[in-house]
Amino acid sequence: MTGFPAKIGSRAVLERRNLQKLFDVLSTQGYRIIGPTVRDGVIAYGELSSVDDLPAGWTDEQEGAFYRLKKGEGNALFHYGTGPDSLKRFLYPPLVRLWKARREDSGFRIVEENDEPPKYAFIGVHPCDLHAVAIQDKVLMTGEYADPFYALRRRKVFVVAVNCVKAGGTCFCVSMKTGPKATAGFDLALTEILEEERHYLVAEIGSEAGASVLREIPHKEASASEQAAAEEAVAEAARRMGRVLDITGIRDLLYENLEHPFWDEAAHRCLTCGNCTMVCPTCFCTTVEDVTDLSGEVAARLRRWDSCFTGEFTYIHGGSVRASARSRYRQWLVHKLAAWLDQFGTLGCVGCGRCITWCPVGIDITAVARALREKKAAGLPAPAGTPEKQGDRHEHACR
Amino acid sequence: MGEKHKPKLAVWKFGSCAGCQLALLNLEDELLEIAGAVEIAYFLEASRAAVKGPYDLSLAEGSITTPHDAERIREVRRTSRYLVAIGACATGGGIQALRNFADADDFVRTVYATPKYIETLAESMPVSDHVHVDFELRGCPVNGRQLLELTSAFLHGRRPNIPTYSLCIECKQRQIPCVMVSKGTACLGPVTQAGCGALCPAHNRGCYGCFGPMETPNPEALSEQWKRLGLRDEEIVRAYRGFTAAAEAFKKESEAREKQAIQS
Ligand code: SF4
Ligand code: SF4
Ligand code: SF4
Ligand code: SF4
């Protein structure tokens, strides 16, 4: 458009009024566009038909067990924190039919699932969620047990990231080194700037696909001052991080404190409701269900999201390996913040804060490191009424 | 399966509103298929013809509230290979279990002109309090999809997929924004068993707990959160004394809160 070479790493500027063009280009290319939108009192991912579906002028306030939709600054489009859902909803859906079988004269025939999943373009993805996708890629697309259903969806994705200029009350991406600026895993990354007379977006190009989409949208090269404005906006978000989780030596800290009284305190409050694992963008545990219809002519195997907070999850003959809330909560955290490192070479947490916001009682993952670091907690007694510990055998990591 | 003996199904009613039997009749699309797969031997709400036992599968609706009920459920158990308690009354005492928290004789004297005609037990209790049950299907009323799943599983000798975890897991899978977190509405979902598909949160209401306690309920912690949301102990007592007031975990919590309410 202006002789500006749109190539990986370069930065362009889009005016807000031209943003609809991004939607047009992506729809023409056959993408189903998913992005933030106001729905039932929250800003959540949903299907978008135009730029008008974005949450213009809305933001949110988040704390432990607290989320409120609020009027935000001007007509900002991307001033929201993470919503209850991440890309996991789309790339690793809560319910997938793995196969179907039909009864035949002498046995049965497997009917393969070969529905083509949609081709998704995600708009407005926060940096922490990009990291979560990278982690799920590692878990679900590599090694002996790679998941073809995930890979099929994942390979077609186009990502428009949004650098955070407003950190949420439960965010701690700075601690986890996952934000507030996107560094990889996007086709385009936008930083939104609202000035008195002007509303524009600085777009960093992350891939060839991103460059070619950008070429179709009116843009120009970002000037030094526009780039500086973008950098400053993101730096401001980093300074306003809602929470901190000190991860120095976190793996050993957890492994060495499996009997710390903190686990009893957390268990006393934990509802074993599983909300934390449902909203976590990296949690990947599922269960399989075999179903038949009434006639017994058709059977199917379904895969459904499961949680380490349920009893069935570790049920073997004779009962659940992890019977108490204490052992389930501890398993979750020790897996996320220690065993993942051994298993996958990465922590299982990206600091998105969802598990804090959506825990109905506001249990805070960042509290664990603080509590364990406090010298053996001056002999805090285990609170009365702690669920029984018998029946809990040992912790083991999933997958 | 043509020549195989068709399993005999019986549906029994105890202290209840008949809503769960209606949930079975409401399975319009599948009812004919069910009728084809089993012999409906006893189901007074659907047909007056009654075939004698023994029965392969008995579904019992309603709580046990009279000496006659108590006798009848023992007979049902004796003549049934599998006995499944269906609904909040049969599995949690039902709304009528509210009398367990007061003196039933007082009610009888107040309500009936001739109290001596009334013969009742002091408490309305789940079926499992009187006889062994093979399975419990929760809900007020039971969920049609779960009823169908149970029937298919029974017919084909497989394990039914009826989770015992919290309602929240279903709620989140259905992409419903939590009403407690996003609106401050008290919801019993975290202590309630899944199964209804998070019906109430989907309509912007908190769950009333009609599926009864989930597998590892922690009502005490939930009550503490409700207090932070501004509820009084009296209101918490009422919430736990709903459709499944006699279920152990809910009963205990309502009694504990009642004590608190009196003290404060
Ligand atoms: S553990 Fe909590 S903060 Fe970490 S990624 Fe999962 S939901 Fe986000
Ligand atoms: S930590 Fe919170 S969200 Fe997770 S299971 Fe416990 S109470 Fe539920
Ligand atoms: S609305 Fe109720 S059932 Fe749904 S997640 Fe929140 S507390 Fe759980
Ligand atoms: S949400 Fe709760 S009260 Fe409503 S139908 Fe489901 S279990 Fe019953």
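All values reported here derive from a predicted model rather than from experimental measurement. Convention: sequence-line order gives letters A, B, ...; per-chain numbering from 1.
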Q) Which bit of R39(A) is near chain B, if near means a heavy-atom gap under 4.5 Å: side chain, backbone, both or neither? A) both
Q: Pick one of side chain, backbone, both or neither for V42(A), based on which atoms fall under 4.5 Å of a heavy atom in chain B.
A: side chain
**Q.** Heavy-atom proximity to chain A below 4.5 Å, by part of E224(B)
**A.** neither
Q: Check each atom of A44(A) against the heavy atoms of chain B and say whether the ones under 4.5 Å are side chain, backbone, both or neither.
A: neither
Q: Only pairs at least two apart or in different chains count here, so list each salt bridge (charged side-chain N to carboxylate O under 4.0 Å, His left out) that has a residue in residues 306-321 of chain A.
A: E312(A)-R159(B)
Q. Roughly how far, to the nearest 0.5 Å, is CZ of R97(A) from CG of L302(A)?
A. 8.0 Å
Q | E215(B) portion near chain A, given a 4.5 angstrom heavy-atom threshold | A | side chain
Q. Quick one: salt bridge (charged side-chain N to carboxylate O under 4.0 Å, His left out) pairs with a partner in residues 188-204 of chain B, sequence neighbours left out?
A. none
(Q) If I measure from the heavy atoms of chain B, does S307(A) come under 4.5 Å with its side chain, its backbone, both, or neither? (A) side chain
Q. Given the options G311(A), P93(A), G46(A), which has more heavy-atom pairs under 4.5 Å with chain B than any of the others?
A. G311(A)
Q. Under a 4.5 Å heavy-atom cutoff, which of R304(A), M278(A), E63(A) has the most pairs with chain B?
A. M278(A)
Q.
Taking every non-hydrogen pair under 4.5 Å, which of E289(A), R269(A), R89(A) racks up the most with chain B?
A. R89(A)
Q | Distance under 6.0 Å and angle within 45° of ring axis: K172(B) vs W305(A) | A | no
Q | Donor-acceptor pair between W332(A) and T277(A) side chains, under 3.5 angstrom | A | no
Exercise answer: donor-acceptor pairs, residues 181-201 of chain B side-chain atoms, under 3.5 Å, sequence neighbours excluded:
from: S182(B); atom 1: OG; to: C178(B); atom 2: O; distance (Å): 2.7
from: K183(B); atom 1: NZ; to: D40(A); atom 2: O; distance (Å): 3.1
from: T192(B); atom 1: OG1; to: L188(B); atom 2: O; distance (Å): 2.8

Q | chain A-proximal positions within residues 251-264 of chain B [heavy-atom distance under 4.5 Å] | A | none
Q: For salt bridge (Lys or Arg N to Asp or Glu O under 4.0 Å), just list the numbers for K6(B) and E39(B), CA-CA rounded to whole Å, side-chain angles, deciding distance to a tenth of an Å, and then say yes or no.
A: CA-CA 6 Å; K6(B) 268 204 213 170; E39(B) 178 189 358; over 6 Å; no
Q) Is R354(A) salt-bridged to D85(A), cutoff N-O under 4.0 Å? A) no
Q: Answer yes or no: is there an ion pair linking D60(A) with K70(A), defined by an N-O contact shorter than 4.0 Å?
A: no
Q | Point-to-point distance, once rounded to the nearest 0.5 Å, from NZ of K336(A) to CG of L333(A) | A | 9.0 Å
Q) By a 4.5 Å heavy-atom criterion (distance strictly below it), what part of I34(B) contacts chain A: side chain, backbone, both, or neither? A) both
Q: Go through E149(B), E33(B), R158(B) and name the one with the most non-hydrogen pairs under 4.5 angstrom from chain A.
A: R158(B)
Q | Heavy-atom pairs under 4.5 Å with chain A, option from R174(B), Q225(B), Q175(B), R228(B) with the top count | A | Q175(B)
Q) With a 3.5 Å cut-off and no angle check, do the side chains of S152(B) and T292(A) form a donor-acceptor pair? A) no
Q.
Looking at every heavy atom in both F108(A) and A101(A), which two are closest together, and how far apart are they?
A. CD1-CB, 3.9 Å
